[in-house]
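Order of appearance sets the numbers: ligands from 1, and atoms from 1 within every ligand.
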Amino acid sequence: MTEEIQERVNAALDDFEIELPSWGFADTGTRFGKFLQDGAAIDLADKLSDAGIVHKLTGCCPKVAAHVLWDFNEGDEAEEVVALAKKCGVRIGSINPNLFEDQEYRLGSLCNLDPEIRGRASRHVIDAIRLGQAVGSNVVSLWMPDGTNYPGQDSIRGRKRRLEKALGEFHDHLAGDQTFLLEYKPFEPAFYHTDVADWGMSYLHAKKMGPQAKVLVDTGHHYQSQNIEQIVAWLLDEEMLGGFHFNDRRYADDDLTLGSIDPYQIFRIFNEIHSYAASQGGVYPEIEFMIDQSHNLKPKIEAMIETVMMAQELFVKALLVDQELLQKHQEAGAIIDSEGLLKRAFGTDVSDAIIAWRLGRGLAADPLSAFRESGYLEKISADRKARRKELGVVSTIGYA
Ligand code: PSV
Ligand code: MN
């Protein structure tokens with residue numbers, strides 16, 4: 001790799017931040033159950049501590065996404081949470097309201113026919129917006145689980161209107177520096193229709209909400225074989241891409257680690273981002289890169305480090321695509337050469353360049369080995385096992 005390319009890699013990695021999900025460190029799993037791990041986080045302090053070690057070793061994860069119901073308890077003081085995160089070397093990132101666990105949401109939350117239930121759901125989101133302001137986070141990330149299970153169960157248009165109204169009100173509550181991300185998902189938990197089922201619905205709602213709302217693309221939230229990089233390219237072109245939830249999938253929303261099934265897909269997404277930046281004179285858009293994975297089988301902290309390393313690797317590989325030459329090939333209709341540029345970049349071994357970046361930033365050459373050698377997992381596993389026994393709990397998160 002030439003010195004010039006190494007410099008580009010260094011600059012790109014310096015700016016490439018990935019947010020860790022608090023829930024990825026806890027005992028989460030599949031909807032059929034979860035396999036418990038001694039080292040799983042019990043509370044927010046544990047999650048921040050685990051995220052802190054991932055950031056310390058990878059140097060690129062200064063923020064931790066929080067889920068309101070799973071991470072915050074009644075009476076929690078914002079300053080204490082901020083201080084706790086600081087102590088762990090991280091800060092609170094996106095705030096995720098939770099509209100999918102309360103019994104009263106059986107027929108929906110913000111789309112529910114009952115104005116009282118809609119009102120309670122709205123208040124929860126507005127509280128989350130305020131919580132974000134209190135903990136110094138500037139992203140609120142909403143996933144709408146609402147939908148119906150049977151044809152005719154409710155009016156699809158009626159539900160759209162109810163949601164539109166609620167979302168419009170949320171925008172009025174945002175502080176000037178807060179962004180509202182709206183995530184879509186085709187199905188699950190609803191199995192007939194989902195109220196925000198695809199990027200188009202998310203785009204339309206965000207557009208109507210106002211200038212601070214954007215679309216969140218969760219890579220696991222698409223139908224089989226959907227061209228995600230095309231969605232990304234369109235959203236970039238419309239300046240409506242707010243962020244990602246990274247994970248991989250084989251069938252549906254499987255929460256597998258990024259790039260474990262189809263690394264080329266993620267590479268192609270990054271290629272669209274680099275291509276867009278090249279068209280803007282090298283200026284990258286503000287995009288929140290977040291991980292959304294619940295590790296049921298893999299050790300949680302290692303899976304997170306592995307994911308971050310994979311994201312960096314694919315981001316750097318995609319950076320190697322010569323965008324100027326690609327454009328020339330495209331203009332000449334040279335399909336084999338155009339595709340060849342992508343394939344060659346994807347096939348390039350970039351590990352030395354990434355190691356050079358790590359060493360230059362005082363980081364371990366291999367964060368995963370460094371973690372294994374640190375003894376952190378053995379220590380927290382023993383501590384948390386004892387704490388669980390003392391607390392009389394098996395596992396502490398309500399989400400499977
Ligand atoms: C829903 O499947 C989702 O992707 C949303 O982002 C939730 O916040 C997250 O998963 C919970 O794991
Ligand atoms: Mn998600």
Quiz prompt | Side chain to side chain, His171 and Phe180, heavy atoms closer than 4.5 Å | solution = no

Quiz item: Strictly by modelled atom types, are Trp70 and Glu101 linked by a side-chain donor-acceptor pair under 3.5 Å?
Solution: yes

Quiz item: Can you list the ligand 1 atoms lying under 4.0 Å from a non-hydrogen atom of Trp23?
Solution: 12 (O)

Self-check item: ligand 1 atoms in contact with Lys185 (distance to a heavy atom under 4.0 Å)
Solution: 1 (C), 2 (O)

Quiz item: Should the proximity of Asp255 to ligand 1, defined as any heavy atom under 4.0 Å, be assigned to the side chain, the backbone, both, or neither?
Solution: neither

Exercise. Give the atom name of whichever N/O/S atom in Asp292 sits closest to the Mn ion (ligand 2).
Key: OD2

Quiz item: If we ignore angles and hydrogens, is there a donor and acceptor under 3.5 Å between the side chains of Ser22 and Asp71?
Solution: yes

Quiz item: In degrees, rounded to 10 degrees, what angle do His245 atom ND1 and Asp218 atom OD2 make at the Mn ion (ligand 2)?
Solution: 110°

Quiz item: How does His221 reach ligand 1, by side chain, by backbone, by both or by neither, if only non-hydrogen atoms under 4.0 Å count?
Solution: side chain

Self-check item: Between Asp177 and Gln212: side-chain donor-acceptor atoms closer than 3.5 Å
Solution: no

Practice problem: Kindly indicate whether the side chain of Val125, heavy atoms from C-beta on, has any atom under 4.5 Å from the side chain of Leu99. | Solution: yes

Quiz prompt | Flag, side chain of Thr307 to backbone of Ala303, donor-acceptor distance under 3.5 Å | solution = yes

Practice problem: Establish, from distance only, whether the side-chain atoms of Tyr105 and Asp146 form a donor-acceptor pair under 3.5 Å. | Solution: no

Quiz prompt | Polar proximity ligand 1 side, His67 side, N/O cut 3.5 Å exclusive | solution = yes

Quiz item: Do Glu288 and Ser94 meet the criterion of a side-chain donor-acceptor pair at a distance under 3.5 Å?
Solution: no

Quiz item: Taking N or O atoms only and a 3.5 Å limit, does Trp143 qualify as a polar contact for ligand 1?
Solution: no

Quiz item: Counting from 1, what ligand 1 atoms have a heavy atom of His245 closer than 4.0 Å?
Solution: 6 (O)

Exercise. Treat each ILVMFWY residue as a node, draw an edge where side-chain heavy atoms are under 4.5 Å apart, and state whether Leu326 and Leu314 are in one component.
Key: yes

Practice problem: Could you tell me whether ligand 1 has any atom less than 4.0 Å away from a heavy atom of Glu188? | Solution: no

Quiz item: Asp218 heavy atoms, cut-off 4.0 Å: which ligand 1 atoms fall inside?
Solution: 4 (O)

Quiz item: Quick check: does Asp292 get an N/O under 3.5 Å from an N/O on ligand 1?
Solution: yes

Self-check item: Numbered atoms and elements of ligand 1 in range of Asp253, under 4.0 angstrom, heavy atoms
Solution: 2 (O)

Self-check item: the Mn ion (ligand 2) to Glu183: nearest N/O/S atom name
Solution: OE2

